[in-house]
Novice: 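Just dropping this structure here.
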Amino acid sequence: MDVEEVKAFRDRCSQCAAVSWGLTDEGKYYCTSCHNVTDRSEEVVSAAVIPNTKINSINRGLRQRSKHEKGWDWYVCEGFQCILYHQAEALETLGVSPELKNEVLHNFWKRYLQKSKQAYCKNPVRTSGGKAKVLEDSLQSSDLGSDLERLSDTTCPLESEAEFQSDPQIPKPFPVTKGSPKSASVCSGSVDGVEYSERKEKGLVKMTVPRTLALCSLSLLWQRETITVSDLLRFVEEDRIPYINAFKLFPEEMKVYGRDKGIFAVESWPDYEDIYKNMIEVAIFLDLPRFPDITEDCYLHPNTLCMKYLLEVNLPDEMHTLTCQVVKLTGIGEVDFLTFDPIAKMKRAVKYDVQAMAVIVVVLKLLFLLDDKLEWSYSDLAEAYNEEHREDTPQFDFRKWYQVMKKTFDEKRRKWEEARARYAWKTKRPLYRSHIDKSVAYKKREMVENLQKQFSALVGSSPVVEKQAPSSFQFNWTEEGTDSPCFHGHSLQGLLKMKGQSMITKNSLYWLSTQKFCKSYCKHVTTYEESNFSLSYQFILNIFSFLLRIKTSALHEEVSLLEKKLFEKKYNESKKSSGSKKGRKH
């Protein structure tokens, strides 16, 4: 460290008033007494990451103190609005219609603010220090039915400035009170962080980071977009949609600490079941009407999704005819069944992607039984036929498909687990309990980054992997003769036979995934114990559930519910037989 350069900086420390400065590896000044790191810095040539190396200064110029150093007054709802804005922007980048952000999500958010009494109401919630002046002054004169969102323009509002300028009668967004620490809470960076954390009203659905995804998912469903819940979770994993550490997108002037950490910090990956339940809860809380109909030409219809997933899991195209028959027989393709209606008596949303995968599992069981015996017998026949008829369309060989899928799936799973293990949960913008702990938090973060740099220099830099373009498909199947052969054009000729004028499966047997369902008071419909099922069935469930980012038990449950619809007579007969046995005992 150059002592003369440090001596040139004579400002007093804002924390302890001492004049004793040192330079970090990044060229920032820090107080040697209390370790407070300032925003001022010396520009340095790349400092070596190995300790005891010299830092060469090339500029003595100091950055002026930011006029927003104390931060702005902001509310928790503004933080969530900022996250929603960036999530909507990300979805638009992925190909979603701009209407989702500008109309659907915009109106859902306004409705939430009104229902939760945070805005667009006569008596909005108040903070402990009196009424939330900034919010109330802006919204007291608003017309609940027609006024645009008027939250801070600095927190990335869901509407554009042009909307405000287009109509002179619409008031401008409220100004943010900048640099007035008296109105901010000492226990949180936001004005109402403490009150929001402690707010527990009956019937209130408090906004959380997972519920922002639920709100996005509801908007996608309303628009009938081509992104399912499982796609949404995968895009979050790929860091294409803000979720983990989404608070880092807040403007620098929105200070996040204390109670804000419990509100905005997420320390786990989103879960399918949680998002699904949150979707229903939020829809009921917002009192949303019946959603637009899911018809046969919609992407979310099971016939369309089954075709998509057949391509994804590298199964023959001819299976689509069988999946369509199962959809028709079970009635899961009906508009009333597929359309989400939050105000109906039976409040539930269809898990469109899980249901489509369940249909494919049922079709595989109809064709191959999946009892660890019949599928291999059929594979021997298909292999022999393909050897004798090399010029003809090959028959589908389950064994060969199993080997290809296992190799590809194991590799995909390994990369996925490595990516999760390497994921950096901490951000360059650390969270701290109070403003007093800020300097310590930043110092710790810098120490961690320096250690990471030193370790990287010692072990050698790993090659930078380019981020691939987003895709609806996770696997890429190629032509025959390569490592990942494609089975899409293979025939089911050896598995079907003619009966009258229709084709039926040669296999006439079937076993039910669930013999007896749980009682109504159970949280689950059925249980899944791997050891009770064949290895083929386990393998298929493991692959399919991984692709959907759900638990294997969730897919097994959906398969069981579908079988209950398809084999209703079987279930009724088993009920009668079990009832008669009980009668004999008495």
Side-chain angles (χ1 to χ4, degrees), residues 302 306 309-310 313 315-316 318-319 321-332 351 354-382 396-399 401-402 405-406 492 494-497 499 502-519 522 524-546 548 550-581:
C306 281
Y309 289 128
L310 285 172
V313 297
L315 286 168
E318 290 183 12
M319 281 183 63
T321 305
L322 296 174
T323 59
C324 290
Q325 289 182 24
V326 171
V327 169
K328 186 177 180 180
L329 289 170
T330 53
I332 62 172
K351 301 174 184 175
V354 184
Q355 180 180 256
M357 278 293 199
V359 172
I360 296 173
V361 174
V362 169
V363 169
L364 284 171
K365 287 178 69 178
L366 287 168
L367 288 170
F368 297 101
L369 192 60
L370 300 182
D371 65 343
D372 288 341
K373 293 177 183 177
L374 188 63
E375 59 268 36
W376 308 126
S377 300
Y378 281 155
S379 297
D380 293 336
L381 296 173
F396 180 65
D397 185 341
F398 185 88
R399 180 186 290 109
W401 174 82
Y402 172 88
M405 288 301 295
K406 188 174 190 316
L492 298 179
L495 304 169
L496 302 174
K497 63 180 181 180
K499 186 177 182 181
S502 59
M503 294 286 287
I504 63 170
T505 61
K506 285 185 177 179
N507 168 45
S508 59
L509 301 174
Y510 196 92
W511 54 270
L512 298 172
S513 301
T514 298
Q515 296 288 340
K516 189 176 181 182
F517 289 89
C518 298
K519 300 293 184 181
C522 290
H524 47 74
V525 176
T526 182
T527 56
Y528 176 66
E529 194 70 44
E530 277 195 347
S531 58
N532 295 335
F533 298 94
S534 65
L535 295 176
S536 298
Y537 183 73
Q538 293 177 39
F539 173 74
I540 288 169
L541 286 195
N542 287 334
I543 291 181
F544 290 7
S545 58
F546 171 77
L548 298 180
I550 59 174
K551 295 176 182 176
T552 314
S553 58
L555 181 56
H556 171 74
E557 181 177 304
E558 198 70 30
V559 170
S560 301
L561 291 172
L562 191 64
E563 289 175 344
K564 189 177 182 182
K565 293 176 181 290
L566 188 61
F567 301 105
E568 193 172 357
K569 281 186 178 179
K570 270 194 176 185
Y571 278 104
N572 291 337
E573 286 173 5
S574 63
K575 275 186 180 179
K576 287 178 182 178
S577 60
S578 61
S580 61
K581 284 179 183 178

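Quick caveat: nothing in here was measured; it's all calculated off a predicted structure.
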Novice: Can you confirm whether the side chains of Ser536 and Asp372 place a donor and an acceptor under 3.5 Å from each other?
Specialist: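 There is such a pair (donor and acceptor under 3.5 Å, judged by atom type) between the side chains of Ser536 and Asp372.
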Novice: Any side-chain donor paired with an acceptor under 3.5 Å for Ser513 and Glu563?
Specialist: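 Yes, Glu563 and Ser513 have a side-chain donor paired with an acceptor closer than 3.5 Å.
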Novice: Just wondering, do Leu492 and Leu322 contact through their side chains at under 4.5 Å, heavy atoms?
Specialist: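 When only atoms from C-beta onward are counted, Leu492 and Leu322 do touch, with a gap below 4.5 Å.
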Novice: Could you walk me through whether Ile332 and Leu562 pass the side chain to side chain contact (heavy atoms under 4.5 Å, CB included) check?
Specialist: CA-CA 9 Å; Ile332 62 172; Leu562 191 64; 3.8 Å; yes
Novice: Under 3.5 Å, side chain of Glu375 to main-chain N/O of Asp371, donor-acceptor pair present?
Specialist: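 Yes, Glu375 side chain to Asp371 backbone: donor-acceptor pair under 3.5 Å.
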Novice: Could you tell me the separation between the CD atom of Glu557 and the CD1 atom of Ile550, rounded to the nearest 0.5 Å?
Specialist: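 Spacing of CD (Glu557) from CD1 (Ile550) equals 10.0 Å.
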Novice: Any idea which heavy atoms bring Asn507 and Leu367 closest together, and the distance?
Specialist: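 That would be CB-O, 3.7 Å.
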Novice: Which of parallel (below 30°), tilted (30 to 60°) and perpendicular (above 60°) describes His556 and Tyr537?
Specialist: perpendicular
Novice: Is it true that a side-chain atom of Asn542 and a backbone atom of Ser545 form a donor plus acceptor pair closer than 3.5 Å?
Specialist: no
Novice: Within the 4.5 Å heavy-atom criterion, are Leu548 and Lys351 side-chain neighbours or not?
Specialist: no
Novice: Run the side chain to side chain contact (heavy atoms under 4.5 Å, CB included) test on Tyr528 and Leu555 for me, step by step, so that the C-alpha distance in whole Å, both residues' side-chain angles and the decisive distance to 0.1 Å come before the verdict.
Specialist: CA-CA 10 Å; Tyr528 176 66; Leu555 181 56; over 6 Å; no
Novice: Could you check Leu495 against Lys506 for side chain to side chain contact (heavy atoms under 4.5 Å, CB included), going step by step and ending with a plain yes or no?
Specialist: CA-CA 6 Å; Leu495 304 169; Lys506 285 185 177 179; 5.9 Å; no
Novice: Closest heavy-atom contact between Cys306 and Ile360?
Specialist: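 It is O-CD1, 3.8 Å.
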Novice: Between Tyr510 and Phe567, does the ring-ring contact (aromatic ring centres under 6.0 Å, His included) criterion hold? Intermediate values first, please.
Specialist: CA-CA 10 Å; Tyr510 196 92; Phe567 301 105; 4.6 Å; yes
Novice: Decide yes or no on side chain to side chain contact (heavy atoms under 4.5 Å, CB included) for Met357 and Val313, but give the supporting numbers first.
Specialist: CA-CA 10 Å; Met357 278 293 199; Val313 297; 4.2 Å; yes
Novice: Between Tyr402 and Phe539, is the ring centre distance below 6.0 Å?
Specialist: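 Under 6.0 Å, so yes.
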Novice: Indicate the ring-plane relationship of Phe533 and Trp511, choosing parallel, tilted or perpendicular according to the 30° and 60° boundaries.
Specialist: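 Correct class here is tilted.
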Novice: How far apart are the closest heavy atoms of Glu530 and Gln538, and which atoms are they?
Specialist: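 Taking Glu530 first and Gln538 second, the nearest heavy atoms are O-NE2, 2.8 Å.
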Novice: Working to the nearest 0.5 Å, report the span between CD of Gln325 and CG of Leu566.
Specialist: 10.5 Å
Novice: For the atom pair OG (Ser508) and CG (Leu366), what is the distance rounded to the nearest 0.5 Å?
Specialist: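 The CG atom of Leu366 is 11.0 Å from OG of Ser508, to the nearest 0.5 Å.
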Novice: Are Tyr378 and Phe368 close enough that some pair of their side-chain heavy atoms sits under 4.5 Å apart?
Specialist: yes
Novice: Of all the heavy-atom pairs spanning Met319 and Leu364, show the shortest one and how long it is.
Specialist: CE-CD2, 3.8 Å
Novice: Determine yes or no for a side-chain-to-main-chain donor-acceptor pair under 3.5 angstrom, with Ser534 supplying the side chain and Leu370 the backbone.
Specialist: yes
Novice: Which heavy atom of Leu496 sits nearest to which heavy atom of Met503, and what is that distance?
Specialist: CB-CE, 3.4 Å
Novice: Identify the heavy atoms of Pro316 and Leu310 that sit nearest to each other, and give their distance.
Specialist: O-CD1, 4.4 Å
Novice: Please check: side-chain N/O of Glu558 versus main-chain N/O of Val354, any donor-acceptor pairing under 3.5 Å?
Specialist: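 Judged by distance alone, no pair lies under 3.5 Å.
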